[in-house]
Chemist: 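Sharing a structure here in structure tokens format.
All heavy atoms count here, side chains included; hydrogens, waters and symmetry mates do not. One is the number of the first residue; the rest follow in order along the sequence.
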Amino acid sequence: MLSSLHVKNIALIQEEEINFGPGLNILTGETGAGKSIIIGSINAALGAKNFKDFVRQGADYALVELVFLVDKEQEEKMQKLDISVDDGQVIITRKMSKGRSISRINGETVPVSLVREVASALIDIHGQHEHQSLLYKKNHLKILDEFAREEVQTLKEENERLYVHYQECKKKLQESQKEESERIKEADFLTFEIEEIEEAHLQPGEDEKLEQQYRKLSNGKQILESVGEIGCMTGADAEEGAASSIGRAVRLMGNVVRYDESLQSLYDQLLNLEDLIGDFNRELSEYQSEWNFDESEFWQIEERLNLINRLKGKYGNTIEAILDYQEQRQKRLAILQDYDNYVLRLQEEYQKAKAKLLENAQKISEIRKKYATGLALNIQDSLIDMNFLDVQFEIQFEELEEPQADGMDEICFLISTNPGEPVRPLGDVASGGELSRIMLAIKTVLAEKDDMGTLIFDEIDVGISGRTAQKVSEKMAVIAKHHQVICITHLAQIAAMADHHFVIEKYVENQNTITAIQELSEEEMVRELARILGGAKITRTVLENAREMKELAIRTKTS
């Protein structure tokens, strides 16, 4: 659940922290006090809205921090997203400074796309206009699949994999439908490329050996001069050479070692040095005598390197890459030379892929149809509970001509809200207020199946009042038994059901308009209900009505 929300320099809010609780959290306040800023700041933190739109005017930076307490199932989802969970918490932070926003999860900087993935597993925000999504058939299918998730999810994942393979086969088959002249032209070009590489007789690693030889020959003069100078420094011919100096040192040490046995180890080391410098000078002399600059060899190496580098520029950065390119071209040429059989194999592979996809999609359809009846009845019962007295609700199936990643079904929610009228698509029948209640009915039905920790409803009460409002409040309480619910409302009936009630107020301080939030005590809840019921003037009667409404709500929730 969402444990706390910390906002700083967001719109009219300087700095506030809200500690939400389990169950139903209600937010109320006068129109324009800034209630929607709360939902907007959460959306901004989760990457669903532009953060710049919420930064308080004149502020150097803005900050939103959300702290979620996660259960074991949610923690497993976080691990799949490579998010480490500390002490059962996931902390999402978004900060805007100097026109740049930074998102963090548990202190680690992450892209906004990852924040959205994490949020989708933790919170569901139902905004003021989200119920309009019910007008689109693709969303109906999502709702049904959520209801049937336990049986349909694995098949849907398999369907996505089969669909990708099917599309690949389809694309290859379509690309194979080339004109014969194009195939001949492609085969000629492939033959040219293959022969050009074959004629080079490339050997893996030969370029490195040739480059080493080329460096040696092209820098031969410098090498010989340096080797000669080193010979003078270390040889025995020069009076100051290392070999001469070490030889004299050996003779001197040999004259005195017999007088002091402790000098023996030093004497032995000098003898080793004399042997080493002698070996070094012999090998250096052999290197000088064997050195031979062959100009023809040099030009052959240079020409070979030029050929290899030219082939690298056309076919790959290494000899291995060039040879791999050659192998791929040979395979493609073999296909073109036996093209009819190749196309036949593609057709067979395409038909097999389509058959597997259709078979899997059919299994999905059967499960969906099995669950559709139960979903429709449950939604209908939930709508009756919300004062749709003579409602009928059905789910209509249509089979798509071509299988898709999510199957081969298109479904449509049908409804009739008046006796004697046939069921028709939601968009043709339901008003905005009715759509809002229908969405709430769906959320109620999915409540026990949905593993979402937190549900947010931003003014779900639009267009309703009286008995309908009471029914909606009871449904909110039902959802809050299985989820944490955060709800912005103008209706006293809904506010009375609060387990935790927060009031949002706006005031002026130092010529600045500021929004503040505070949690209400039980008595303060009653006074806030009285304000909603009575408006500007709160009489004793209004207070008594508010108290009675709160007591009735408590009895309703515990019954």
Chemist: Which pairs pass salt bridge (Lys or Arg N to Asp or Glu O under 4.0 Å) with one or both residues in residues 270-279, sequence neighbours excluded?
Modeler: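 Those involving residues 270-279 are D279-R282.
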Chemist: My understanding is that only residues two or more places apart in sequence, or in another chain, count here; which of them pass salt bridge (charged side-chain N to carboxylate O under 4.0 Å, His left out) with K369?
Modeler: none
Chemist: R215: which residues meet the side-chain hydrogen bond (donor to acceptor under 3.5 Å, both in side chains) condition with it, sequence neighbours left out?
Modeler: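 Listed in chain order: nothing, the list is empty.
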Chemist: For Y214, give me all partners under ring pair (Phe, Tyr, Trp, His ring centres under 6.0 Å), at least two apart in sequence or on another chain.
Modeler: F298
Chemist: Show the atom names and distances, to 0.1 Å, of all donor-acceptor pairs under 3.5 Å that link a side chain in residues 353-360 to residues at least two apart or in another chain.
Modeler:
unit_1: N360; atom_1: ND2; unit_2: L155; atom_2: O; d: 3.0
unit_1: N360; atom_1: ND2; unit_2: N159; atom_2: OD1; d: 2.9

Chemist: Applying ring pair (Phe, Tyr, Trp, His ring centres under 6.0 Å), name anything that partners Y342, two or more places apart in sequence or on another chain.
Modeler: Y339
Chemist: Which residue pairs satisfy the ring-ring contact (aromatic ring centres under 6.0 Å, His included) criterion with at least one member in residues 103-124, sequence neighbours excluded?
Modeler: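 Every pair satisfying ring-ring contact (aromatic ring centres under 6.0 Å, His included) with a residue in residues 103-124: there are none.
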Chemist: Applying side-chain hydrogen bond (donor to acceptor under 3.5 Å, both in side chains), can you list everything that pairs with D268, at least two apart in sequence or on another chain?
Modeler: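 Checked D268 against side-chain hydrogen bond (donor to acceptor under 3.5 Å, both in side chains); matches are Q264.
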Chemist: Restricting to side-chain hydrogen bond (donor to acceptor under 3.5 Å, both in side chains), what partner residues turn up for N378, sequence neighbours left out?
Modeler: none
Chemist: Quick one: side-chain hydrogen bond (donor to acceptor under 3.5 Å, both in side chains) partners of E117, sequence neighbours excluded?
Modeler: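 E117 satisfies side-chain hydrogen bond (donor to acceptor under 3.5 Å, both in side chains) with no other residue.
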Chemist: Can you pull out every ring-ring contact (aromatic ring centres under 6.0 Å, His included) where at least one residue sits in residues 66-118? Sequence neighbours excluded, please.
Modeler: none
Chemist: Looking at residues at least two apart in the chain, or sitting in another chain, which of them share a ring pair (Phe, Tyr, Trp, His ring centres under 6.0 Å) with Y163?
Modeler: none
